[in-house]
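Please read the structure below before turning to the comments.
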Number of protein chains: 2
Amino acid sequence: MKIGDLAKAAHTQVETIRYYEREELLAQTARTEGNYRVYGPEHVERLSFIRHCRRLDMTLDEIRALLKFKDSPPKDCSVINNLVDEHIKHVAVRIKELKSLQKQLVDLRNSCAGGGAVDECGVLSGLSRASLAEPATDTPYDGHVHGTHKVSGKRKSP
Amino acid sequence: MKIGDLAKAAHTQVETIRYYEREELLAQTARTEGNYRVYGPEHVERLSFIRHCRRLDMTLDEIRALLKFKDSPPKDCSVINNLVDEHIKHVAVRIKELKSLQKQLVDLRNSCAGGGAVDECGVLSGLSRASLAEPATDTPYDGHVHGTHKVSGKRKSP
DNA sequence: AGAAACCCTGTAGCCACTTCAGTGTCAAGT
DNA sequence: ACTTGACACTGAAGTGGCTACAGGGTTTCT
């Protein structure tokens, strides 16, 4: 099968597959005479594995580690379990953060009086006031958990 | 005050301030003879406003919009409220996603038999099996909500 | 034979910063 | 007056995980 077929089989984009090859998550494959990549079912399995991990929001580095264990399994599975446990923690932290965030946003939104003018709205002033008051929770942000917004190849303001 | 003082006052890094200036969230300031930026309390307020919005996980584009309303307030506040409402929705969606994620991860983790060998662990095979079964939830990912991992200027695998 | 559909490489872009190299300024201490 | 050190400056490049595009080549269908 060619790269397009693999892409369909594993519900991935062609460019992503080539990207994974560059990143050495997928090994380089045989090529046809016309220099096309050739894949078999084993590649579908491996790529699906990767995509599934990504859907679970693991980093490529975490997936790299898992793949290494897949390729040459260690004596006991605690390493793998630790990796997954760590990841569960990261997700838990992020959920907590987002919930607190959500509360702040709703509070902010409720500070709007109604349909009136901006002066009475309270949202902007809420943002200003809070900002001056708070000690700004100087989180070192060591957890590898990030924001709310999807990075999706958009332009800047035009 | 100089840039370092502003940084301290608004709990920000110096480089971030210069970045915001390049991005035109902060206007260019007066300079000393030695070409140092000079700031006043109004800059502390504005930068704190920006940082507060960022802590609420708004994009710089969203903040740009809010700043525009701050600089020249519109007749009614519905535009601002809509912006905040939209943002609340984004956060809600992300929380939901992460919760489903969390469930999958915990299920995966529970598939480990105990302290045994990898063959019996079930985590790796769980990741493989699930990946082949699922139709891969071909989400178009239009919501601007992204992953679980903090981007923090790290090196690649060395 | 010609067009459409696919494939190739290489490079640049996205966000919101961070880091780094290389240089300049300024206040305090000796 | 001189050094030391802390701070400031610019410009460019790097982070993750892709996506998009330019500019070509190959294969397949009609």
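In what follows, chains carry the letters A, B, and so on, assigned in the order in which the sequence lines appear, proteins first and then strands, with residues in each chain numbered from 1.
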Would you tell me if any nitrogen or oxygen in the side chain of T16(A) comes within less than 4.0 Å of OP1 or OP2 on dG17(D)?
no
Any Q13(A) side-chain nitrogen or oxygen under 4.0 Å from OP1 or OP2 of dC18(D):
no
Using atom CG of L47(A) as one end and atom P of dC18(D) as the other, report the distance to the nearest whole Å.
10 Å
Output the rounded distance in Å from CG (L26(B)) to C1' (dA16(C)).
14 Å
Can you tell me if R51(A) touches the phosphate of dC18(D), counting only side-chain N or O atoms and a distance under 4.0 Å to OP1 or OP2?
yes
For the side chain of Y36(A) and the base of dG25(D), is some donor closer than 3.5 Å to an acceptor across the two?
yes
Taking only the side-chain nitrogens and oxygens of R31(A), find out if one of them lies under 4.0 Å from OP1 or OP2 of dT9(C).
yes
Does NZ or CZ of K2(B) come closer than 6.0 Å to the centre of the six-membered ring of Y39(B), within 45° of the ring's axis?
no
Is T32(A) near enough to dT26(D) that one of its side-chain N or O atoms lies under 4.0 angstrom from OP1 or OP2?
no
Contact under 4.0 Å: R54(B) side-chain N or O vs dC17(C) OP1/OP2:
yes
Given atom CE of M58(A) and atom C1' of dG16(D), what is their separation to the nearest angstrom?
17 Å
Nearest-nucleotide pick for R18(B), side chain only, options being dT9(C), dC18(D), dT10(D):
dT10(D)
Can you measure D61(A) atom CG to dT15(D) atom C1' for me and round it to whole angstrom units?
12 Å
Could you please name the option among dC17(C), dC8(C), dA8(D) that lies closest to any side-chain atom of R37(A)?
dC8(C)
Length of the CD-P vector between E23(B) and dG11(D), whole Å:
15 Å
I17(A) atom CD1 is separated from dT9(C) atom P, nearest whole Å, by 13 Å
What is the distance from atom CZ of R22(A) to atom CD of E15(A), rounded to the nearest 0.5 Å?
10.0 Å
Distance only, no hydrogens: is a donor on one side chain within 3.5 Å (strictly under) of an acceptor on the other, for Y20(A) and R54(A)?
no
Nearest to the side chain of E15(A) - dG17(D), dT9(C), dA20(D)?
dA20(D)
Length of the CD-P vector between E33(A) and dT26(D), whole Å
11 Å
Looking at NZ of K89(B) and CD of Q102(A), how far apart are the two atoms once the value is rounded to the nearest 0.5 Å?
12.0 Å
What's the OH-P distance between Y19(A) and dC18(D), to the nearest Å?
6 Å
Pick the nucleotide of DNA chain D nearest each of E21(B) and N35(A); which residue has the one closer to the 5' end?
E21(B)
Show, in sequence, the C-alpha distance, side-chain angles and deciding distance for R64(A) and E24(A), and conclude whether the salt bridge (charged side-chain N to carboxylate O under 4.0 Å, His left out) test is met.
CA-CA 9 Å; R64(A) 242 183 289 267; E24(A) 300 182 347; over 6 Å; no
If you assign each of V38(A) and R22(A) to its closest nucleotide in DNA chain C, which residue comes earlier from the 5' end?
V38(A)
